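Labels below follow one simple rule: chain letters A, B, ... track the order of the sequence lines, proteins then strands, and each chain is numbered from 1. Note that the structure is predicted; figures quoted are calculated from it, not measured.
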Amino acid sequence: MQFLTSSIGRKILMAITGLCLVLFVMIHLVGNTTIYGWIPGGVNAYAHHLHAFPPIVWIFRAVMLAIVTVHIGYGIQLTIENRGGRPQQYAVKATQKATFASENMIWTGLLLLVFIVYHMLHFTAKVIPGMQLVTDAEGTVNVFAMIVSGFQNFFVSFIYVAAMVTLFLHLSHGIQSFFQTIGWNNDRTLPVIVKAGTLVALVLFLGYVAIPLTIFAGILKG
Amino acid sequence: MSDHKTMTLTLIVWRQKNANDPGKFETYSAKNITEHHSFLEMLDVVNEDLINDGKEPIVFDHDCREGICGMCSQVINGAPHGGQDRTTVCQLHMRKFKDGDTIYIEPWRARAFPIIKDLIVDRTALDKIIQAGGYTSCHTGGAPDANSILIPKPIAEEATDAAECIGCGACVAGCPNGAAMLFTSAKVSQLALLPQGKIEAAARVKNMTSTMIECGFGNCTNHYECQAACPKGVNVKFIARMNREFIKAQFA
């Protein structure tokens, strides 16, 4: 199909899958905040409800895997093509509009992939050592104790904060890029979209780092 | 003889005999340059000195020298056309430089623009994109009455803004990916906005964008370096418009 091989078509697929991932990241953060106990039973109850019906969990995981695969696959393919667009670099290059974030999307993206693998080994597969895995009589893991004990480790917290800096960089370019690629943009909206995209990325960053930081600082205790 | 103060500058210029030559930088001294010289006139002065010394002059493209032909293709200190807002190399004046400055001069660098010699590149790829759909094929017949097709003023203005593109290729030269999206989008938008161009809009955007990639240009990653480099200030809103046109074309 021509759409899937075209320059703009592949970028549109990257934009749409990117949007799905941003929405996931937003919902994931709202879910994470249950660690502060604003729903009865806190994060333990939230985790329990999420996994209550395994087929839904697995369908969701399969869809997420497909989205991530399309996003990263096209990202790598387009980046390789783009590097080929200028085989010989300039001796001097004065960057006028591009940003650190926009020029390093492939690297922030690949770092996030590494982080996602680590994150799943940590809290999904639970194979990263150094955290308490307390189970109740029914064999359910105490998620709250697992997270709090996990983030009390400096290196673990550090990895998460560093990953969220990477996420901020990726989204500060990615969100505004979505609107431009999908065509929902013009000269009046562009400056607003760039600022709003960065703001959303910043809110997500602050929301996510608050959890390891409040735990590591001892504000949120087990 | 006027009593203008003159400057002496160091030029580090890309010299390349032909497309197969690896090319290298050569250093020259530009003497007796006044602030009133345009950048191209400065190179003329340097070339006269080179010719008098029996050396081969620096080969560069130029034509109108009034900022409208789009021939001068030089990346000056890393910025296409020297980085002054909405300025071609011929309209860039030496008053923007100081005595003793060192200036790097390179050709447009992109896979789609092979170097012919020194600072001259082959921009046939841009012509190929235009040939793929940058026209309308409606019958014009005899001279039509003025305003027989009414076009709202804002639409006419927008189409004219897109039509400001002079096809110089600075957008490609400035783009980290060597993409020609701003160039292509300017023509796609200009024609898609007007009634005569709407008829073939769907086929046009598909053909022009696929030709763009076949010619070896990269893909857009929304850095907006192209707009900064454009001597005519063509706006990246036209890239967004082309993306909309591309989506519309999928349902046409």
Side-chain angles (χ1 to χ4, degrees), chain A residues 1-12 14-16 74-75 77-106 109 173-191 193-194 197, chain B residues 12 14 22-23 25 75-80 82-83 103-104 106 109-113 115 158 161 172-181 205-206 209-210 212-213 216-229 235-250:
Chain A
M1 197 177 150
Q2 200 204 1
F3 186 83
L4 296 178
T5 55
S6 68
S7 174
I8 301 175
R10 286 179 295 161
K11 281 165 43 58
I12 287 168
M14 275 198 76
I16 292 169
Y74 280 137
Q77 191 190 38
L78 290 166
T79 304
I80 291 169
E81 286 179 23
N82 294 345
R83 295 284 155 98
R86 174 165 303 120
Q88 187 167 10
Q89 295 298 317
Y90 292 106
V92 180
K93 183 80 185 86
T95 299
Q96 297 179 83
K97 279 268 195 157
T99 60
F100 178 81
S102 76
E103 287 181 328
N104 290 288
M105 288 299 274
I106 186 70
H173 179 68
I175 294 172
Q176 65 91 9
S177 205
F178 166 82
F179 289 94
Q180 174 75 0
T181 299
I182 211 84
W184 296 345
N185 211 356
N186 62 35
D187 52 339
R188 294 184 307 282
T189 55
L190 179 65
I193 286 171
V194 169
Chain B
I12 300 173
W14 185 257
F25 282 104
V75 172
I76 300 161
N77 287 337
I103 306 171
Y104 275 83
E106 293 180 75
R109 292 199 190 278
R111 179 171 56 187
F113 291 161
I115 292 172
E158 181 107 350
D161 285 347
V172 179
C175 176
N177 310 328
M181 285 285 279
V205 67
K206 284 184 183 174
T209 51
S210 64
M212 179 179 85
I213 295 305
F217 293 106
N219 306 285
C220 178
T221 44
N222 308 326
H223 296 286
Y224 312 133
E225 283 287 311
C226 51
Q227 182 182 315
N235 196 285
V236 291
K237 70 180 173 183
F238 294 118
I239 297 179
R241 181 178 285 281
M242 178 163 78
N243 293 342
R244 286 203 293 280
E245 288 292 329
F246 185 83
I247 294 169
K248 261 163 61 185
Q250 305 307 312

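- Per-residue counts of heavy-atom pairs under 4.5 Å with chain A were compared for B:Met242, B:Met212, B:Lys206; the largest is that of B:Lys206.
- Atom CZ of B:Phe25 has more than 12 heavy atoms from other residues, nucleotides or ligands within 6.0 Å.
- Residue contact with chain A, scored on non-hydrogen atoms closer than 4.5 Å, is absent for B:Cys226.
- To the nearest 0.5 Å, atoms CZ (B:Phe217) and CD (A:Glu81) are separated by 14.0 Å.
- Your options are A:Asn186, A:Asn185, A:Thr99, and the one with the most heavy-atom pairs under 4.5 Å with chain B is A:Asn185.
- In this structure, the portion of A:Leu190 lying under 4.5 Å from any heavy atom of chain B is its side chain and not its backbone.
- Proximity to chain B (any heavy atom under 4.5 Å) is restricted, for A:Arg10, to the side chain, taken from C-beta onward.
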**OP:** Dump the intermediate steps for side chain to side chain contact (heavy atoms under 4.5 Å, CB included) on A:Gln89 and B:Arg109, then the final yes or no.
**Re:** CA-CA 7 Å; A:Gln89 295 298 317; B:Arg109 292 199 190 278; over 6 Å; no
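- Put simply, of B:Ala229, B:Ala228, B:Gly216, the one with the most heavy-atom pairs under 4.5 Å next to chain A is B:Ala228.
- Both the backbone and the side chain of B:Glu225 come within contact range of chain A, judged by heavy atoms closer than 4.5 Å.
- For B:Asn235, the part lying near chain A is the side chain, with the backbone staying farther off; criterion is any non-hydrogen pair under 4.5 Å.
- For B:Tyr224, the parts lying under 4.5 angstrom from a heavy atom of chain A are both the backbone and the side chain.
- Contact count against chain A (heavy-atom pairs under 4.5 Å) is highest for B:His223 among B:Gln227, B:His223, B:Met181.
- For the set B:Thr209, B:Val205, B:Asn222, the entry with the most heavy-atom pairs within less than 4.5 Å of chain A is B:Asn222.
- The greatest number of non-hydrogen atom pairs below 4.5 Å with chain B, out of A:Gln180, A:Arg188, A:Lys97, is found for A:Gln180.
- Of the atoms belonging to A:Lys93, heavy atoms from both backbone and side chain fall under 4.5 Å from chain B.
- For B:Val236, the parts lying near chain A are the backbone and the side chain together; criterion is any non-hydrogen pair under 4.5 Å.
- For the pair A:Gln88 and B:Pro22, the minimum side-chain heavy-atom distance is 4.5 Å or more.
- Interatomic distance, A:Ile8 CD1 to B:Gln250 CD, rounded to the nearest 0.5 Å: 9.0 Å.
- Nearest approach of A:Gln96 to B:Ala79, heavy atoms of both residues: NE2-CB, 4.0 Å.
- Top candidate by heavy-atom pairs under 4.5 Å with chain B, chosen from A:Ile12, A:Thr189, A:Thr79, A:Thr95, is A:Thr95.
- A donor-acceptor distance shorter than 3.5 angstrom exists from the side chain of B:Asn243 to the backbone of A:Thr181, with no hydrogens or angles considered.
- Heavy-atom distances place no part of B:Ala249 under 4.5 Å from chain A, backbone and side chain included.
- Contacts of B:Thr221 with chain A are made by both backbone and side-chain atoms, with heavy-atom separations under 4.5 Å.
- Interface remark: B:Phe238 contributes no atoms to any contact with chain A (heavy atom separation under 4.5 Å).
- For A:Tyr90, the OH atom sits in a packed shell: over 12 heavy atoms of surrounding residues, nucleotides or ligands are nearer than 6.0 Å.
- For a residue to count as touching a neighbouring chain, one of its non-hydrogen atoms must lie under 4.5 Å from one of that chain's; by this rule B:Ile247 touches chain A with the side chain only.
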Original post:
What's the verdict on side chain to side chain contact (heavy atoms under 4.5 Å, CB included) for A:Lys11 and B:Phe246, showing C-alpha distance, side-chain angles and the deciding distance?
Top reply: CA-CA 11 Å; A:Lys11 281 165 43 58; B:Phe246 185 83; over 6 Å; no
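- Within the 3.5 Å criterion, the main-chain N or O of A:Ala91 finds a donor-acceptor partner in the side chain of B:Glu106.
- Between atom CZ of residue B:Arg111 and atom CG of residue A:Asn82 there is a gap of 9.5 Å, rounded to the nearest 0.5 Å.
- Of the atoms belonging to B:Arg241, not a single heavy atom falls under 4.5 Å from chain A.
- Of all non-hydrogen atoms in B:Ala110 and A:Pro87, the two that sit nearest each other are C-CD, 4.3 Å.
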